[in-house]
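Report on the following structure.
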Amino acid sequence: MRFTSLVIELIRARPRLIVWIAVLLQAAMWLFVALVFYRSPPGTLATLLAFGREYQVGTDLGPPLPIWLADIAYRAAGGHMFGVYVLAQLCEIATFIALFHLSRAVVGSQQAVLAVLLTMTVLAFSSSALDFGPLVLARPLWALLLLHSWQIIGQRRGNAWFAWSIEAGLLLLTTPAAIFLLLLIVVFAISTARGRRTLWGLDPLFALIVVAVLALPYAVWLMRAETLTMPALPQVSELSARALHAAWLLGGLVVGAAAIPALTFLNTGMFADKGEEAPIIYRPPVEPLARNFVYFFALAPPLGAVLISGLLGLESAAGGAGVVLVMSGLVVVVAAGDLIAMRRARMLRMVWAAAVVAPAIGVVLAVLVMPWTGTGEIATSMPARAISDFFDESFARRTNHRLRAVAGETQLASLITLHSGRPHLFIDADPARTPWMNQARFSETGGVVVWRASDTAGTPPPEILKRFPGIVPEVPRAFEWLVNGRQQLLRIGWAIVRPKGT
């Protein structure tokens, strides 16, 4: 009897089960990492929550939807970051499930599993799985848009227009790159005969109305905002530098997807044992329009994002690597042919698992090892709860008032705003970023000004002393990191601005 591994048989018999198991295990892995090794939010998530507390229609952080959803998840979890981490993983799950349904419509259920598993290796390296924000929320919306776009154009399902319009409107409320992504869908529809026929009718008009209604409040804010400026196009002398920057961005996308060519190479006949009869994953033939759909949305988004980012001098690919590379696994499966032989299945499983788990292992090693090397601090090792509790209680004891605002260094101030009282964040270095608070109101309500102490006296930095000339620095407060190692304790200088009338 010929032996076939259980995984291969499950891919053939229960493809949806395999997808759910893989996706849920990855989500559980990242939630475990967050609960055990994160004492403060990653990246700029604390600042995102401080902005979300205000429920502004627009801020300099971008469209409001991810900011609002982060605050809702934080409040729903009782003021714990676990709610935001769960929200981030729900976005990841929704992305892969939408991709599975799209892949199943193109290559069948069995090869759709392979497309999802390959894409998981790409998204694992493209961006942080726990740093919720526009880049994370845009992934499931873009995957759902692609799914319903194919249902509308390829399968002629008119009932998908309503879902498509909702997702397009939400994407506009999520990332500035939404216009670029929606234009790609329009370009593909216009360039194909079936797509042009789809655009004739009342359904696209109704969808456009729904999108306009959803995006109207943010569009009005954009037109009224005085602080927003359009990025300037580069001068002729800057073209070479911008081209080099674009090449680096493209190289970063290629490196992020490196696990796919590695797995493809390992699955070639070069590594097959003599006499091995490899199990086959079969699919029905792919129609030409579906093949063109996959190739277009696998290549156009990353190339267009690199071009836009290079011209405008953006630090990362427009829309985020996790969005523009979401079709990378499916395009490889489509190009592989109707029959895919799974050679050396055990080795392929080990390499795939290593690619998916490696980012989480890297986070854990960084938290445990870097403090002993002295090469830099780990932002997620800051004791956010202890910091916020200390300054909230200190302000209440000194003034007999609840802490209402925090200013000073933005990173530290954002951590304090995570307290259950949710004080306002005041970015005193750039007050236009926090229109809900200004210098006069801060002086009236009172608050805490914080900075990183460079000496035992807690002397404020000159720029903070210039903006708050009357503050009296307190004795700096020292906090322990998650792993102290060779690093010095985190010393925070602070001063209280008493409310008027006290």
Side-chain angles (χ1 to χ4, degrees), residues 48 51-52 54-73 87-88 90-99 101-102 132-155 157-190 195 198-225 228 293 297 300-301 304-305 308 318-320 322-324 326-327:
L48 187 82
F51 276 64
E54 311 299 335
Y55 284 91
Q56 299 285 304
V57 175
T59 64
D60 66 333
L61 296 183
L65 184 59
I67 304 174
W68 294 350
L69 290 180
D71 184 73
I72 292 172
L87 177 60
L90 288 177
C91 290
E92 294 289 295
I93 293 172
T95 301
F96 293 123
I97 297 304
L99 178 63
H101 285 283
L102 173 61
F132 180 80
L135 300 181
V136 174
L137 182 58
R139 293 180 186 177
L141 293 175
W142 177 237
L144 288 169
L145 263 176
L146 291 176
L147 169 62
H148 291 119
S149 296
W150 173 247
Q151 290 178 350
I152 293 170
I153 298 174
Q155 298 179 332
R157 292 171 56 178
N159 58 352
W161 271 111
F162 180 72
W164 188 96
S165 62
I166 296 294
E167 293 149 8
L170 294 181
L171 189 63
L172 287 170
L173 294 177
T174 299
T175 173
I179 297 177
F180 157 66
L181 297 173
L182 293 176
L183 282 176
L184 291 179
I185 296 178
V186 174
V187 168
F188 179 81
I190 294 176
T198 303
L199 296 178
W200 287 102
L202 294 179
D203 287 337
L205 180 60
F206 291 146
L208 186 61
I209 294 174
V210 173
V211 172
V213 170
L214 288 174
L216 181 60
Y218 182 61
V220 172
W221 181 87
L222 283 176
M223 290 185 290
R224 292 183 176 180
L228 296 179
F293 181 89
F297 287 105
I308 293 174
V323 172
V324 299
V326 76
M327 295 284 281

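Below, each value reflects all heavy atoms present in this structure, side chains not excepted, and no hydrogens, waters or symmetry copies.
Between atom CG of residue Leu69 and atom CG of residue Leu48 there is a gap of 10.0 Å, rounded to the nearest 0.5 Å. A distance of 11.5 Å separates CG of Leu137 from CG of Leu90, quoted to the nearest 0.5 Å. In this structure, Leu171 CG and Leu144 CG are separated by 10.5 Å, a value rounded to the nearest 0.5 Å. Note that the SG atom of Cys91 and the CZ atom of Phe132 stand 5.0 Å from one another [nearest 0.5 Å]. Here the OG atom belonging to Ser149 is positioned 8.5 Å from the CG atom belonging to Leu182, to the nearest 0.5 angstrom. Distance check, rounded to the nearest 0.5 Å: CG of Asn159 to CD1 of Ile152 gives 9.0 Å.
Contacts of Phe51 classified as ring pair (Phe, Tyr, Trp, His ring centres under 6.0 Å), with partners at least two apart in sequence or in another chain: Trp436. Contacts of Phe180 classified as ring pair (Phe, Tyr, Trp, His ring centres under 6.0 Å), with partners at least two apart in sequence or in another chain: none. When the salt bridge (Lys or Arg N to Asp or Glu O under 4.0 Å) test is applied to Asp71, the partners found at least two apart in sequence or on another chain are Arg75, Arg422.
By the neighbour-count criterion of 12 heavy atoms within 6.0 Å, atom OH of Tyr55 is densely surrounded, having more than that number from other residues, nucleotides or ligands.
Note on ring orientation: taking the six-membered ring where Trp is involved, the planes of Trp150 and Phe293 are tilted (angle from 30° to 60°).
With contacts defined as side-chain heavy-atom distances shorter than 4.5 Å, the pair Thr175/Leu135 does not qualify. Trp164 has its side chain out of reach of Val210: every pair of non-hydrogen atoms, C-beta onward, lies at least 4.5 Å apart. Between Leu172 and Ile179 the shortest side-chain heavy-atom distance falls below 4.5 Å. The closest side-chain heavy-atom distance from Ile153 to Phe188 is below 4.5 Å. In this structure, the side chains of Ile67 and Gln56 stay at 4.5 Å or more apart for every pair of heavy atoms. At least one side-chain heavy atom of Leu146 sits less than 4.5 Å from a side-chain heavy atom of Val326. Side-chain contact check for Ile185 versus Leu181: every heavy-atom pair is 4.5 Å or farther apart. Side-chain contact check for Val186 versus Leu199: every heavy-atom pair is 4.5 Å or farther apart.
Taking each heavy atom of Pro301 and Trp142 in turn, the nearest pair found is CG-CZ2, 4.3 Å. Here the closest non-hydrogen pair linking Thr174 and Pro134 is O-CB, 3.3 Å. Here the closest heavy-atom approach between residue Tyr218 and residue Gly62 is recorded as OH-C, 3.7 Å. The two atoms that bring Thr95 and Ala143 nearest to each other are O-CB, 3.9 Å, heavy atoms only. For the residue pair Pro217 and Val57, the shortest heavy atom distance occurs at O-CG1, 3.6 Å. Taking both residues in full, the closest heavy atoms of His101 and Leu147 are given as C-CD1, 3.9 Å, listed atom of the first, atom of the second, then distance.
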Q: In sequence, state the C-alpha distance, the side-chain angles, and the governing distance for Met223 and Val220, and then conclude on side-chain contact (heavy atoms from CB on, under 4.5 Å).
A: CA-CA 5 Å; Met223 290 185 290; Val220 172; 4.3 Å; yes
